[in-house]
Engineer: 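Once you've had a glance at the structure underneath, I'll fire off some questions.
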Amino acid sequence: MAVSLGPKPLVAVGQVTSTPDKEQNFSGCAALVRAAARRGACLVFLPEGFDYIGRDSVQTLSLAESLDGELMARYSALARDCGVWLSLGGFHERRADWLSTQRIYNCHVLLDPTGRVAAAYRKTHLCDVELEGRVTMKESSFTNPGTEIVPPISTPAGMLGLSICYDLRFPEISLALRHAGAEILTYPSAFTFPTGSAHWEVLLRARAIETQCYVVAAAQTGRNHEGRVSYGHTLVADPWGTVVAQCSEGPGLCYAEIDLEYLRHVRREIPVQSHRRADLYGTVELQAAPSAP
């Protein structure tokens, strides 16, 4: 069984290059999880698309499984064998509505050390973007949006709030999770190179600063297939917004201690949560232009 080193829990954050080959992807991810367990991590984070990244929507849909399918059973066994929590940050999930919708869900699955599903969050903000001549994505063409934010889950590292990739651009979800008690926010991702190089780190640090939470972001890196390159730069930011761990190029792990006493210290010094004006937010309305005299 893996144990945390010292009084502060240790987390491991994975960076991988998923391909359409599910068996190859599992082998690589399992090796990272076992290495993290040997190091003493209590919680291991894997990125969006840890299961696979398809070449197109047809292949993506054809490879999807349900949460009670073979692949998730293998990850449950891995969690049990290693004695760790697993944040599986973007599983291509077929649900009961698959036959009627022919669409899947982008599901962030949290497994406890017994292999039980402790939480499952379905991505609520789908990535439909078009950067002319660079990137075109339309996740909503084959994915159903989730319908709820999942309350933070108690883990050995702290209260964990679940999101996925494009959710990072919406501070409303991070603030809602913070209000519900989150101490760690996680954004497993598969950012493209153009958007990642421009926005990745600044958005993650902003979410950490405004919520005064640790932010953990596992990422895809490198060439996933002939039509896609992912940005990488897996990182952990602390509640002050400082990057305290980061992966270099290629698949691998970075590690960070979660210091909840430091988190409480930051929140005491700048108590933004108690300063929020919920009585005012959402009340601004456009005013009619004054008539000319």
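Computed from a predicted model, the values in this text were never measured in an experiment. Throughout, residue positions are numbered sequentially from 1 according to the sequence presented.
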Engineer: By salt bridge (Lys or Arg N to Asp or Glu O under 4.0 Å), which residues pair with R34, not counting sequence neighbours?
Structural biologist: none
Engineer: For T195 and T192, does a side-chain donor sit closer than 3.5 Å to a side-chain acceptor?
Structural biologist: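 Their side chains do contain a donor-acceptor pair, which is all the 3.5 Å distance test asks for.
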Engineer: Strictly by modelled atom types, are Y166 and S163 linked by a side-chain donor-acceptor pair under 3.5 Å?
Structural biologist: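 S163 and Y166 do not have a side-chain donor-acceptor pair below 3.5 Å.
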Engineer: According to a 4.5 Å side-chain heavy-atom criterion applied to Ile, Leu, Val, Met, Phe, Trp and Tyr, with indirect links allowed, do L126 and L61 form part of one hydrophobic cluster?
Structural biologist: no
Engineer: Grouping I, L, V, M, F, W and Y whenever their side-chain heavy atoms are under 4.5 Å apart, do L110 and I149 come out in a common cluster?
Structural biologist: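 Same hydrophobic cluster.
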Engineer: Rounded to the nearest 0.5 Å, what's the gap from CG on D238 to SG on C213? Could you check?
Structural biologist: 11.5 Å
Engineer: Quick one: OG1 on T211 to CG on L185, what's the gap to the nearest 0.5 Å?
Structural biologist: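 Going from OG1 on T211 over to CG on L185, the span is 4.5 Å.
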Engineer: Going by salt bridge (Lys or Arg N to Asp or Glu O under 4.0 Å), name the pairs with one or both residues in residues 156-177, residues two or more places apart or in two chains.
Structural biologist: none
Engineer: Tell me whether V236 shares a hydrophobic cluster with L260, the cluster being built from Ile, Leu, Val, Met, Phe, Trp, Tyr side chains joined at under 4.5 Å.
Structural biologist: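 They do share one cluster, since a chain of ILVMFWY contacts under 4.5 Å joins V236 to L260.
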Engineer: Side chains of P152 and L160, heavy atoms from C-beta outward: is any pair under 4.5 Å?
Structural biologist: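 Side chain of P152 against side chain of L160, heavy atoms only: no contact under 4.5 Å found.
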Engineer: Any carboxylate oxygen within less than 4.0 angstrom of a Lys/Arg side-chain nitrogen, looking at R122 and E148?
Structural biologist: no
Engineer: Do the non-hydrogen side-chain atoms of R223 and T17 ever get within less than 4.5 Å of each other?
Structural biologist: no
Engineer: According to a 4.5 Å side-chain heavy-atom criterion applied to Ile, Leu, Val, Met, Phe, Trp and Tyr, with indirect links allowed, do I184 and Y255 form part of one hydrophobic cluster?
Structural biologist: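 I184 and Y255: separate clusters.
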Engineer: Could you list the residues that satisfy ring pair (Phe, Tyr, Trp, His ring centres under 6.0 Å) with F45, not counting sequence neighbours?
Structural biologist: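 None.
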Engineer: Does the side chain of Y75 come within less than 4.5 Å of C29's, by heavy atoms?
Structural biologist: yes
Engineer: Looking only at side chains, do T19 and D21 share a donor and an acceptor under 3.5 Å apart?
Structural biologist: no
Engineer: Does F91 have any ring pair (Phe, Tyr, Trp, His ring centres under 6.0 Å) partners at least two apart in sequence or in another chain, and if so, which?
Structural biologist: none
Engineer: H92: which residues meet the ring pair (Phe, Tyr, Trp, His ring centres under 6.0 Å) condition with it, sequence neighbours left out?
Structural biologist: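 With sequence neighbours excluded, H92 shows a ring pair (Phe, Tyr, Trp, His ring centres under 6.0 Å) to Y52, given in chain and number order.
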Engineer: Sub-3.5 Å donor-acceptor pair from the side chain of E249 to the main-chain atoms of G222, do we have one?
Structural biologist: no
Engineer: Give a yes-or-no answer on whether the side chains of S230 and R228 include a donor-acceptor pair shorter than 3.5 Å.
Structural biologist: yes
Engineer: Sequence neighbours left out, what passes ring pair (Phe, Tyr, Trp, His ring centres under 6.0 Å) with F142? Give chain and number order.
Structural biologist: none
Engineer: Of the non-hydrogen atoms in V84 and A41, which two are nearest, and what is the gap between them?
Structural biologist: CG1-O, 3.4 Å
Engineer: Can you find a pair of side-chain heavy atoms, one from H108 and one from L88, that are under 4.5 Å apart?
Structural biologist: no
Engineer: So, using side-chain contact (heavy atoms from CB on, under 4.5 Å) as the criterion, who are the partners of I270 when residues are at least two apart?
Structural biologist: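 Testing I270 for side-chain contact (heavy atoms from CB on, under 4.5 Å), a comparison that skips the adjacent residues, returns Q212, W240, V272.
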Engineer: Do the charged groups of E183 and R178 touch, with an N to O distance under 4.0 Å?
Structural biologist: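 Looking at E183 and R178, the cut-off is not met.
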Engineer: Parallel, tilted or perpendicular for Y231 and W200, by the 30°/60° rule?
Structural biologist: perpendicular
Engineer: Do E93 and N106 pair up side chain to side chain, a donor and an acceptor below 3.5 Å, judged on atom types alone?
Structural biologist: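 Absent: no donor and acceptor within the cut-off.
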Engineer: Okay, side chain of E269, backbone of H265: is any donor-acceptor separation there less than 3.5 Å?
Structural biologist: no
Engineer: Below 4.5 Å, heavy atoms only, C-beta onward: do R103 and T143 meet side chain to side chain?
Structural biologist: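 SC-SC contact between R103 and T143 ruled out.
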Engineer: I'd like to know if E257 and R39 make a salt bridge, using a cut-off of under 4.0 Å between side-chain N and carboxylate O.
Structural biologist: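 Salt bridge flag = no for R39 with E257.
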Engineer: Who are the salt bridge (Lys or Arg N to Asp or Glu O under 4.0 Å) partners of R74, not counting sequence neighbours?
Structural biologist: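 Only E23 meet the salt bridge (Lys or Arg N to Asp or Glu O under 4.0 Å) criterion with R74.
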Engineer: Report yes or no: does S189 contribute a side-chain atom to a donor-acceptor pair with the main-chain N or O of F191 at less than 3.5 Å?
Structural biologist: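 No; zero donor-acceptor contacts below 3.5 Å.
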Engineer: Evaluate R268 against E261 for salt bridge (Lys or Arg N to Asp or Glu O under 4.0 Å), listing each step before the verdict.
Structural biologist: CA-CA 11 Å; R268 283 194 302 268; E261 182 50 46; 3.3 Å; yes
Engineer: List the steps, then state whether side-chain hydrogen bond (donor to acceptor under 3.5 Å, both in side chains) holds for Q246 with T234.
Structural biologist: CA-CA 6 Å; Q246 190 166 23; T234 289; over 6 Å; no
Engineer: Check side-chain contact (heavy atoms from CB on, under 4.5 Å) between T114 and all other residues, then give those that pass, not counting sequence neighbours.
Structural biologist: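 Expected list: D112, R116.
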Engineer: Could you work out, with side-chain contact (heavy atoms from CB on, under 4.5 Å) as the rule, every residue matching L32, not counting sequence neighbours?
Structural biologist: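 Partners of L32 by the side-chain contact (heavy atoms from CB on, under 4.5 Å) criterion, ordered by chain and then number, come out as V16, L253.
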Engineer: I'd like to check the side-chain contact (heavy atoms from CB on, under 4.5 Å) partners of A206; sequence neighbours left out, ordered by chain and number.
Structural biologist: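 Per chain and number, A206 pairs via side-chain contact (heavy atoms from CB on, under 4.5 Å) with no residue.
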Engineer: Measuring only between side-chain heavy atoms, which start at C-beta, is C247 closer than 4.5 Å to H233?
Structural biologist: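 When only atoms from C-beta onward are counted, H233 and C247 do not touch, as no gap falls below 4.5 Å.
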Engineer: Considering only heavy atoms from C-beta outward, does the side chain of P113 approach that of R80 to under 4.5 Å?
Structural biologist: no
Engineer: Do Y187 and V243 sit in one hydrophobic cluster, given that two such residues count as connected whenever their side-chain heavy atoms are within less than 4.5 Å of each other, even indirectly?
Structural biologist: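 Both belong to a single hydrophobic cluster.
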Engineer: Do the charged groups of R95 and D97 touch, with an N to O distance under 4.0 Å?
Structural biologist: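 No, no charged N to carboxylate O under 4.0 Å.
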Engineer: My understanding is that only one of D51, V33, V109 makes a side chain to side chain contact (heavy atoms under 4.5 Å, CB included) with L46; could you say which?
Structural biologist: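 One option only clears the test, and that one is V33.
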Engineer: Would you indicate whether the side-chain heavy atoms of L111 and M72 approach each other to under 4.5 Å?
Structural biologist: yes
Engineer: If the condition is side-chain hydrogen bond (donor to acceptor under 3.5 Å, both in side chains), which residues does S140 pass it with, not counting sequence neighbours?
Structural biologist: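 With neighbours one apart ignored, the set is D128.
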